[in-house]
Amino acid sequence: MAPLAAMLGAASLSASAQEDVEESKVEETIIVTGSRIANANVMSPSPVTTVGAEQIQARGTVRVEDMLNTLPQVSPSEGSGRANEAAGTANVDLRGLGAERTLVLVDGRRMPYGSPISAPADLNQIPSMLVERVEVLTGGASAVYGADAVAGVVNFIMKDDFEGIMIDTQVGAFQTGNSNDMLERTLNASNQPVPGSTMDGESVDINVVFGMNGDDGRGNITGYFNWKKQNEVLQGERISSACALGYSDGVFSCGGSGTTFPGQFTSLGGGIAPFSFTLAEDGGIRDYDPSTDTYNYAPLNHFIRPNERYSFGAMGHYDVSDKVELYGSFAFTNDVTTAQIAPSGDFLQTNTINCDNPMLSDEQVQTICIDNGIDPNAADIADRTAALSIGRRNVEGGGRRNEIEHTSYRVVGGFRGDLDDVWSYDVFGQYAKVSYSDSAENFFNLDKLRNALEVRIDPETGEAACQVAIDGTDPTCAPYNIFELGGVTQEALDYIQSPGFREGEVTQEMFSAVLTGDMTQYGIATPWSETGLQVVFGAEYREEYLTQKNDALTREGKLGTARPDVEGGVNVYEFFTELQLPLVENRPGIDELAINGAYRYSDYYDTTGSQGTYALGLTYAPVPEYRFRAQFQRATRSPNPIELYSPQSPFEFTLPANANGLYDPCAGANPARSQTECARTGVTAAQYGNIADNPAAQFRNISGGNPNLDVEKSNTYTFGVVASPSFVPGLNLSVDYFNIEVEDFIGSIPEEESLNQCLTTGDEYFCGLINRGANGTLWAGDDAYVIATKLNTGSLKTSGVDVSASYNFDVASYGSVRVDYLATFLDTLDKEPLPGLDVIECAGYFASTNSSCGTSKPKYRHNLPVSWMTPWGDLTVRATWRHIGSVDLVGSNVDNVNTVLEARDYLDLSMKATVRDGVALRFGVNNVFDRNPPVSTNVGSAGGSFGNGNTFPQVYDALGRYMFAGVNVTF
């Protein structure tokens, strides 16, 4: 704020020295998202949806992504409802083509990468109370704004001309009755707690906005401060997520993880005498039963993460003269959130045990060692080692937690104005930086875990001790006794549990110069039009760079999933032009006929080289009440540094359940696929029928970047009509068809697709991506994985129709009513994993992984608010009907409660009233009827999926009804 105040103060002193200064020629014109041409009469040839501040407040929005996710064009993405592998950011994904293909702007200028681990822009940096409106343009816009605008643009227009002081405070909370007979029966059958009626997830949002005009309105400075706090909600506090659901024989059950408590001790089907046991209550052992002994990992997982955010900033502008306006802005945000998931443990990561271990009971030694030909007293100590894989939860240590912090600031400064009556200019620079840190706790150090399990009798003390303590390698080691109930000590936990840390930053530098001209005065116009050619010429340089580093334990995967360091950047020089030419105006049958076009040349000189993008559009209005529009756009997206430079490392993915209730099609005593088919994936004859499934449906892949990636290219066609018929006063209607195709899209082949292709066809390419471990699994051991690294794959295609309508009418002396209707009819959303492969049809479907269909893609969604503006004290009452259509599990050939996420209809109510001058109150309830979300075991929860708690919490109102109240005071 200080530099802005100094800038404006200096400009004020300079200007006030001029006694007679002409009024600025920087006129107030309309700039429509998708074009840099400022024209009071322009109508965008591409469909633009606008959400105003009133609509944002009517939902009680404290998280910008929650408001955007209600729009039918938006496919929910990363947000506060994700815990496992959470990036701590919030993204927007237009058309379900991926958040990385949606460009986010603030006042027409691009935001930086959101994080060094997640490139899409972070919406947490945007204070919702300062948003004047949001403009959403769907379809490519790379020719106007540059790369990443493949699916479209979301442009946040901020309040920048405020005068006075405004204080706004809002509190909110979630309330639910947790009523669902089917899920209640499921929990009771598994002896799991049934949550009752509750109110939780409280939030507080405080905003202060202040501004002043100066020098007779020639300048303004607006500042703001925001503090927001969101309390956590755990999955155990909702009936839909209180247990990790399983499904078999037509009913849900409480499933979970084979890494359980008090533990699963298994040979994974190997050895002379295969075994799998757990500890019995009487101190002995008994056979492990996967139907009853799995661990319910759900209750401790976050359903909504706790979060605290501070942000402040300022923006200002000042007319130095009639030719020059100085402007600038500064924004700072600090956002801290904690992501908690179930406790850590030994996820079958240790695979041997020394049979002379004093922690083992005689019965355990017999089962693990003697029955499998291992002598605990063998002369050679190396011959005393037996195969043992352990799945044991660290319930004593509590949930794994990641505290994620993002600190960002963004500075913009420039000047704009008129050169003469024809030409105007805008020159600016922008710098942004995002700092990131992630502190992990309650994770196991795998090296220390192995040390703490190799225990022998210390010859000097006669007591049990770690071998590394006996030989002096690590005297701090304490035995981890998980072979008897209550045997784990705090000393062992202190030794095994290790913190982890990640940090990094994103920087962005931009310089831009734009020249806009109105050629009318030069006579460059058609004979049939009064308005001449409008042109834009510009140049831009952009440099975006990110680094992300990890401590050694995190980097090497000693705390779980390996997190390699990432570093790299993208630099680009760009030149662009845009034109709009009215061909005919004010003629019989042609009120307006205009064409427009845009072209951008980009040179990514360090990565993907040069490329060109362009757009062509046409608008035709036979009469003022009706307008037809069409546009074609060629867009591109150059790979970001994460996609280019991330090292290849293990990660997670999920698989859907097969008909036998198992997830790996080759697992179990009666595998879902034949021995011949499974052999193609690496299953031996001895392994077939003996492979252990992962009851949590989580398997390992190898993911990472690829420095040889090329650009994505897309074609977008839109055709539409806008109508305001005079015979229906107050009615406005638009209907637009969209068709977007992305070629060579950057992604990875879905692991399920690779597995199915190998099973069915035996294709060497797909079978080469699958590596079954020594025990035949795809999850237990470092040698078990499916390769899913980045590459330019096949194509993405989507098409459909958007409908937007509004109708205003008076209700006699009772005020007026406005009805809005915004809907998307999705016709196709197809993914071709590789050229020539069968297309994955996602319209009307969902899947457990984002590399497939990911979150729900219903064929029909709508948002229908009805607002009553009463004549009493500025009282406005609003009711909104939101509809999300049903979706089926992609690839499923059965129709049941687990493969169908049923449609959901939500009713939201809100009220806003001015109770006295400068004081306004608002109240609201979203999801009035407390509709539970649809649930399935197939939504996924790890490996890049946005599923959580058996559903998609970014799609559905998973936490129940949301109630809020706020007060706004202006001076």
Side-chain angles (χ1 to χ4, degrees), residues 84-85 87 100 117-119 347-349 351 446 502 548 550 552-568 639-655 663-667 678 680-683 691-694 696-709 745-759 763-794 833-834 837 847-852 854 940-945:
N84 200 345
E85 305 295 345
E100 64 273 20
I117 67 168
S118 177
F347 293 89
L348 292 96
Q349 293 154 309
N351 49 34
L446 295 182
R502 312 171 70 190
Q548 189 266 308
N550 310 276
L553 294 177
T554 303
R555 184 168 55 250
E556 296 169 9
K558 301 301 184 182
L559 302 181
T561 301
R563 312 286 187 182
D565 296 346
V566 181
E567 182 171 2
N640 61 57
I642 296 175
E643 294 167 325
L644 288 168
Y645 305 121
S646 293
Q648 297 179 6
S649 62
F651 200 52
E652 296 175 333
F653 72 95
T654 59
L655 288 173
Y663 301 99
D664 182 343
C666 296
C678 290
R680 296 167 180 164
T681 72
V683 175
I691 294 175
D693 192 39
N694 188 321
Q698 296 177 2
F699 301 87
R700 296 177 79 248
N701 67 13
I702 298 295
S703 60
N706 180 353
N708 298 316
L709 290 173
F745 80 92
I746 297 168
S748 59
I749 302 174
E751 297 88 349
E752 181 185 356
E753 181 72 20
S754 298
L755 190 58
N756 288 337
Q757 286 290 329
C758 179
L759 287 165
D763 187 287
E764 291 183 1
Y765 175 80
F766 295 102
C767 292
L769 301 177
I770 299 167
N771 198 84
R772 288 190 176 273
N775 47 37
T777 72
L778 290 172
W779 57 281
D782 294 340
D783 57 348
Y785 53 80
V786 177
I787 297 175
T789 51
K790 295 293 184 185
L791 69 160
N792 288 96
T793 56
L834 282 175
L837 285 187
S848 60
T849 61
N850 292 332
S851 57
S852 181
S941 61
S945 168

- request: With side chain to side chain contact (heavy atoms under 4.5 Å, CB included) as the test, would you mind laying out the steps for L834 and Q757 before giving the verdict?
  value: CA-CA 12 Å; L834 282 175; Q757 286 290 329; over 6 Å; no

- prompt: For R563, does its backbone N or O pair with a side-chain atom of N550 as donor and acceptor, under 3.5 Å?
  reply: yes

field: Minimal non-hydrogen separation, A847 against S852, with atom names
entry: CB-OG, 3.6 Å

field: N771 side, atom CG; I702 side, atom CD1 - distance, nearest 0.5 Å
entry: 9.0 Å

- prompt: Taking only residues at least two apart or on different chains, which pairs with a member in residues 782-792 satisfy side chain to side chain donor-acceptor pair (under 3.5 Å)?
  reply: none

- request: Please identify each residue that fulfils side chain to side chain contact (heavy atoms under 4.5 Å, CB included) with N775, with sequence neighbours left out.
  value: L268, T777, A780

query: Atom CG in N706, atom CD in E643: separation rounded to 0.5 Å?
result: 10.5 Å

query: Does P564 offer a backbone N or O that forms a donor-acceptor pair with the side chain of S649 under 3.5 Å?
result: no

task: Find out whether F766 and L837 are in side-chain contact, i.e. whether some heavy atom of one side chain is under 4.5 Å from a heavy atom of the other.
output: yes

message: Tell me the closest heavy-atom pair linking A784 and L778, and the distance in Å.
response: CB-C, 3.7 Å

Atom of G768, atom of I787 and distance for their closest heavy-atom approach: O-CD1, 4.2 Å

message: Exactly one of D664, I770, L769 should register a side chain to side chain contact (heavy atoms under 4.5 Å, CB included) with T681. Which one does?
response: I770

- line: Nearest heavy-atom approach of P647 to V566 is CD-CG2, 4.0 Å

field: Those residues that, when tested against E751, pass side chain to side chain contact (heavy atoms under 4.5 Å, CB included) (two or more places apart)
entry: F653, N701, V786, A788, S851

